[in-house]
2 protein chains.
Amino acid sequence: MITQKTCHDDELRAWLRRYGINPTSQRIEIARVFFSRCIHLSAEDVFKLVNTGSRRVSKATVYNTLALLVEKGLVRQVVADPAKIFYDSNTGPHHHFYDVSTGELSDIDAHGVKVSGLPPLPVGTSLEGVDVVVRLRRDQ
Amino acid sequence: MITQKTCHDDELRAWLRRYGINPTSQRIEIARVFFSRCIHLSAEDVFKLVNTGSRRVSKATVYNTLALLVEKGLVRQVVADPAKIFYDSNTGPHHHFYDVSTGELSDIDAHGVKVSGLPPLPVGTSLEGVDVVVRLRRDQ
DNA sequence: CTAACTGCAAACGTTTTGCAACTTT
DNA sequence: AAAGTTGCAAAACGTTTGCAGTTAG
């Protein structure tokens, strides 16, 4: 299900630096999993992926780095599952299908999707984002 | 912030029974907090509210009962905060503002709000619901 | 040398679970 | 007695933190 594409470290290093992140070897490993095909990953997924084979990255570093990637805008958090946070390397405007039976998250291109008729924001606040989660259940 | 309206036990008993829930004294206490004004409550909120004064309801029972209320459709879960689940006694169609600075959740009436242009559901799945969470941040 | 980063383990807050005791029929 | 419900404590889970040790500029 989770595929891993090999990327040159130089590419990843450049990507991180472009966003003002010091590219350490652990951060490059973590960046690699987001550069690869699968874009919806929990912290646990990332931890497992970077620790396949001989590499060793601790949980603390995974969480620290994920927080850093979110802060710097390379990756965004998706709150869809009560149990865990997903990290999404697709930072363009889009929404999500969330399969409550499997816990799987998939993209809905924001192209064409429109949310209209929202009331104005409460005064003294500014918009962080609009999340649309379409929850669905697999039929038996 | 959290107000409590007194309700007759008979009313609450009837409400629970209507949904096929055996109305024990603890379940009545928990139902009471949802019958009252405030509709967005975390499990912790409910635990505190039912344990003001002399009443004693354990955490396990709070969680058991909340799960039961969700299963029977008296209350719905709202996933907006990564740290905790909200329970919402407003089961009609509506959406939410979520203030990321305070953790406060407030309703957006679905009246007038329209989500259009969503792609068809994946085959073999059926719709559970569409959640729209407008995340906002308090200005400093 | 210094500042930044990492790993471990322990702590944290929320939620779940096992089980004995208590109700209710 | 049987079935359903409750409370406690302990455990589980994802996440965060403190700090000593390591690495990189």
Side-chain angles (χ1 to χ4, degrees), chain A residues 9-10 12-13 16-17 19-33 40-51 54-72 74-88 98 100 103 105, chain B residues 9 12-13 16-17 19-32 40-51 54-72 74-88 100 102-103 105:
Chain A
D9 290 10
D10 291 351
L12 298 165
R13 232 184 291 270
L16 291 171
R17 255 196 269 268
Y19 284 87
I21 295 175
N22 194 355
T24 66
S25 75
Q26 290 88 342
R27 288 171 180 178
I28 289 170
E29 288 313 308
I30 292 169
R32 197 192 311 281
V33 311
H40 299 116
L41 299 169
S42 66
E44 186 63 22
D45 292 335
V46 173
F47 178 71
K48 280 185 189 140
L49 282 168
V50 295
N51 285 311
S54 55
R55 284 247 119 274
R56 284 237 28 87
V57 182
S58 74
K59 231 154 206 188
T61 300
V62 169
Y63 278 101
N64 283 341
T65 302
L66 288 174
L68 192 61
L69 295 180
V70 169
E71 187 199 323
K72 297 295 188 179
L74 288 79
V75 143
R76 89 178 206 203
Q77 287 189 327
V78 181
V79 178
D81 185 316
K84 62 189 162 197
I85 301 169
F86 285 98
Y87 294 87
D88 188 344
Y98 177 61
V100 297
L105 202 64
Chain B
D9 290 10
L12 298 166
R13 233 184 291 271
L16 291 171
R17 257 197 267 269
Y19 284 88
I21 295 174
N22 193 356
T24 65
S25 74
Q26 290 87 344
R27 288 171 181 177
I28 290 170
E29 288 312 310
I30 292 169
R32 197 193 311 283
H40 298 116
L41 300 169
S42 65
E44 184 64 20
D45 293 335
V46 173
F47 179 71
K48 280 185 188 140
L49 282 169
V50 295
N51 285 310
S54 55
R55 285 245 117 276
R56 285 237 24 87
V57 182
S58 74
K59 230 155 205 186
T61 299
V62 169
Y63 277 100
N64 284 341
T65 302
L66 287 174
L68 192 61
L69 295 180
V70 169
E71 186 198 324
K72 298 294 190 179
L74 288 79
V75 143
R76 88 178 210 205
Q77 288 189 328
V78 181
V79 178
D81 186 316
K84 63 189 162 201
I85 300 171
F86 285 98
Y87 295 86
D88 188 345
V100 297
T102 66
L105 202 64

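Chain letters run A, B, ... following the sequence lines, proteins first, then strands; residues in each count from 1.
Using modelled atom types, one finds no donor on one side chain facing an acceptor on the other under 3.5 Å when comparing A:Asn64 with A:Thr61.
Residues A:Val57 and A:Phe47 share a closest heavy-atom pair of O-CE1, 3.2 Å. Considering all non-hydrogen atoms of both residues, B:Ala80 and B:Leu105 come closest at CB-CD1, 3.8 Å. Considering all non-hydrogen atoms of both residues, A:Ile85 and B:Pro82 come closest at CD1-CB, 3.5 Å.
Look at A:Thr24 and you won't find any side-chain N or O under 4.0 angstrom from OP1 or OP2 of D:dT23. Contact annotation: B:Ser58 reaches the phosphate of D:dG7 (side-chain N/O to OP1 or OP2, under 4.0 Å). For the pair B:Arg27 and D:dT5, the criterion of a side-chain N or O lying under 4.0 Å from OP1 or OP2 is met.
Nearest-nucleotide assignment on DNA chain D puts the 5′-proximal partner with B:Ala60, out of B:Ala60 and B:Pro82.
Contacts classified as salt bridge (Lys or Arg N to Asp or Glu O under 4.0 Å) and involving residues 62-71 of chain A (residues at least two apart or in different chains) are not found.
Between the CG atom of A:Leu66 and the C1' atom of D:dT16 there is a distance of 13 Å, given to the nearest Å. Taking atom CD of residue B:Glu29 and atom C1' of nucleotide D:dT5, one finds them 16 Å apart after rounding to whole Å. One atom, NZ of B:Lys84, and another, C1' of D:dT15, lie 15 Å apart when rounded to the nearest Å. Between the NZ atom of A:Lys59 and the P atom of D:dT16 there is a distance of 13 Å, rounded to whole Å. Regarding A:Arg17, its CZ atom lies at a distance of 8 Å from the P atom of D:dG25, rounded to whole Å. We find that CD1 of B:Ile21 is positioned 15 Å from P of D:dG4, with the value rounded to whole Å. Summarising the geometry, the separation between CG on B:Leu68 and C1' on D:dG4 is reported as 12 Å, rounded to the nearest angstrom. Separating the CG atom of A:Asn64 from the C1' atom of D:dT15 is a distance of 11 Å, rounded to the nearest angstrom.
Within the 4.5 Å cutoff, the side chain of A:Ile21 has heavy atoms near those of the A:Leu69 side chain.
Formation of a donor-acceptor pair under 3.5 Å by the A:Arg27 side chain with backbone atoms of A:Asn22 is found in this model.
Running 5' to 3' along DNA chain C, contacts with non-hydrogen atoms of chain B at under 4.0 Å begin and end at C:dT14 to C:dT17.
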